[in-house]
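In what follows, a single structure is set out as structure tokens and then discussed.
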Amino acid sequence: MNDPLIEIRNLKTYFYTDQGTIRAVDDVSLTIPRGRTLGLVGESGCGKSVTAMSIVQLISSPGRIAGGEILYHEKGGVIDLASLSDREMRRIRGAHISMIFQEPMTSLNPVFTIGAQIIEAIRLHQKVSKQEARNRTVELLKLVKIPDPEKRVSDYPHQFSGGMRQRVMIAMSLACNPKLLIADEPTTALDVTVQAEILDLLRELQAERGMSILLITHDLGVIAEVAHEVAVLYAAQVVEQAPAESLYA
């Protein structure tokens with residue numbers, strides 16, 4: 001915890017509706033350590049996903065960040081992500097902080113090949129040729145253990161199983177070597193065996209690349225397996241944060 005990558009201080013994300021103000025995240029403070037996994041756990045509707053979406057500035061109207069700081073510690077100094085414009089945030093999103101969403105089928109475009117979608121993500125942030133981006137895409141598919149990547153790079157999302165689609169999403173999120181990977185319920189729709197494979201893969205990739213992971217789930221078993229630190233969210237507030245071993249003891 002001495003070397004934070006992200007420090008969230010007193011974050012407030014509210015939704016302003018005709019029925020009144022919904023305090024989805026209400027004065028949340030968290031630290032995501034560099035090179036380690038923070039598990040964010042809590043029941044459905046407690047504010048886990050809204051916290052993650054606030055970090056990457058993907059809160060849409062009628063919601064907005066109403067207060068607090070999201071401090072990103074990079075080599076050049078400390079940046080408050082909450083104060084960045086949308087254009088400035090696009091430089092951070094994908095290149096420095098990536099996100100894997102719950103349901104890979106809704107995150108992947110069904111009319112484009114897997115390869116085309118990963119190539120687009122690479123070329124958006126890196127000045128490389130289309131061929132270089134394609135070669136890098138094949139490497140990424142190999143990295144996430146998709147068999148026969150040279151052939152499968154030309155396949156469409158519907159030709160992949162749920163677990164394989166989730167691997168594609170992980171490959172896409174790693175395209176620009178992010179410092180932080182946010183995984184929002186990455187194993188929810190998968191059976192137990194595939195779930196274990198995905199968690200093992202995330203662990204291996206973290207060990208290889210030294211990236212931080214924010215793992216969001218309501219499954220305490222998943223958290224016990226992979227998280228170094230755990231924060232418990234309840235009714236839009238952090239009620240407990242501790243090293244995983246202490247919390248489970």
Side-chain angles (χ1 to χ4, degrees), residues 1-9 11 28-40 48-59 65 68-101 107 118 120-128 133 136-137 139-141 143-144 166-186 198-217 223 226-231 241 243-244:
M1 296 293 276
N2 298 337
D3 190 12
L5 179 72
I6 300 273
E7 279 184 280
I8 300 172
R9 295 181 182 168
L11 178 66
V28 161
S29 295
L30 288 172
T31 301
I32 303 172
R34 201 177 291 274
R36 290 167 73 80
T37 299
L38 172 68
L40 190 56
K48 303 186 301 295
S49 293
V50 176
T51 301
M53 300 290 251
S54 299
I55 294 172
V56 287
Q57 297 272 28
L58 287 176
I59 300 293
I65 295 174
E69 299 173 307
I70 302 165
L71 304 177
Y72 170 46
H73 296 253
E74 64 167 353
K75 284 176 187 168
V78 181
I79 300 170
D80 180 9
L81 301 181
S83 68
L84 297 185
S85 68
D86 194 46
R87 188 179 173 194
E88 290 169 323
M89 195 60 209
R90 277 201 296 272
R91 186 183 69 82
I92 300 284
R93 207 185 291 130
H96 294 253
I97 302 172
S98 278
M99 190 161 177
I100 308 168
F101 297 95
S107 304
I118 300 177
E120 185 188 18
I122 293 170
R123 297 194 75 199
L124 197 64
H125 294 284
Q126 296 176 358
K127 290 183 173 70
V128 295
R136 176 109 176 86
T137 297
E139 282 173 31
L140 285 165
L141 293 180
L143 184 73
V144 297
Q166 197 60 285
R167 286 170 188 267
V168 169
M169 287 303 300
I170 293 169
M172 197 182 291
S173 68
L174 296 175
C176 300
N177 293 316
K179 302 284 187 296
L180 172 65
L181 179 65
I182 300 173
D184 188 0
E185 304 268 11
I198 296 293
L199 293 175
D200 283 343
L201 177 62
L202 287 175
R203 250 200 311 255
E204 280 173 38
L205 292 169
Q206 183 178 45
E208 280 172 28
R209 291 169 170 244
M211 63 184 177
S212 301
I213 297 177
L214 175 62
L215 178 65
I216 297 169
T217 183
I223 291 288
V226 293
H228 300 104
E229 310 282 334
V230 187
Q241 183 168 3

- Leu214 pairs by side-chain contact (heavy atoms from CB on, under 4.5 Å) with which of Ile97, Leu181, Ile55? Ile55
- Under 3.5 Å: donor-acceptor pair, side chain of His125, backbone of Arg93: yes
- Task: Decide yes or no on side-chain contact (heavy atoms from CB on, under 4.5 Å) for Val168 and Val144, but give the supporting numbers first.
- Result: CA-CA 8 Å; Val168 169; Val144 297; over 6 Å; no
- Message: Could you check whether any side-chain N or O of Gln166 sits under 3.5 Å from a backbone N or O of Pro186, counting only pairs where one atom can act as donor and the other as acceptor?
- Response: yes
- Item | Short side-chain to backbone donor-acceptor contact, Asp80 and Ile70, under 3.5 Å | yes
- Task: Give, for atom CG of Leu40 and atom CD of Glu229, the distance between the pair rounded to the nearest 0.5 Å.
- Result: 13.0 Å
- Query: Any side-chain heavy-atom pair from Ile213 and Leu205 closer than 4.5 angstrom?
  - Reply: no
- Note on the structure: When rounded to the nearest 0.5 Å, the distance separating CE of Met211 from CG of Leu180 is 9.0 Å
- Query: So, do Thr37 and Arg203 sit near enough that their side-chain heavy atoms are less than 4.5 Å apart?
  - Reply: no
- Please assess Lys179 against Glu74 for the test side-chain contact (heavy atoms from CB on, under 4.5 Å), listing each intermediate value before the final yes or no. CA-CA 9 Å; Lys179 302 284 187 296; Glu74 64 167 353; over 6 Å; no
- Task: Nearest 0.5 Å please: distance from the OG atom of Ser29 over to the CD atom of Glu69.
- Result: 9.5 Å
- Minimum heavy-atom distance between Ala82 and Gly68, given as atom pair plus value: CB-O, 4.1 Å
- Query: Checking Gln57 side chain against Leu81 main chain: does a donor-acceptor pair fall under 3.5 Å?
  - Reply: yes
- Compare every heavy atom of Ala121 with every heavy atom of Cys176, then report the nearest pair and how far apart it is. SG-O, 3.9 Å
- Query: Which atom names give the shortest non-hydrogen contact between Ala171 and Ile118, and what distance separates them?
  - Reply: CB-CD1, 4.3 Å
- Taking all atoms of both residues into account, what is the closest heavy-atom pair of Leu143 and Leu201, and its distance? O-CD1, 3.9 Å
- His228 and Arg36 have their tightest heavy-atom pair at CB-NH2, 3.4 Å
- Item | Spacing of Arg136 atom CZ and Leu141 atom CG [to the nearest 0.5 Å] | 11.0 Å
- Message: Quick check for you: to the nearest 0.5 Å, what is the distance between Leu124 atom CG and Arg91 atom CZ?
- Response: 13.5 Å
- In terms of heavy-atom contacts, does CD of Gln206 have more than 12 from other residues, nucleotides or ligands at under 6.0 Å? yes
- Message: Main chain of Ser212, side chain of Arg34: is a donor-acceptor contact present, judged purely on distance under 3.5 Å?
- Response: no
- Message: Could you measure the distance from the CE atom of Met172 to the OG1 atom of Thr137? Nearest 0.5 Å is fine.
- Response: 9.0 Å
- Item | Full working for side-chain contact (heavy atoms from CB on, under 4.5 Å) between Leu5 and Tyr72 | CA-CA 6 Å; Leu5 179 72; Tyr72 170 46; 3.8 Å; yes
- Note on the structure: Between Ile216 and Ala52, the two heavy atoms sitting closest are CD1-CB, 3.3 Å
- Task: Please assess Leu174 against Arg209 for the test side-chain contact (heavy atoms from CB on, under 4.5 Å), listing each intermediate value before the final yes or no.
- Result: CA-CA 10 Å; Leu174 296 175; Arg209 291 169 170 244; 4.0 Å; yes
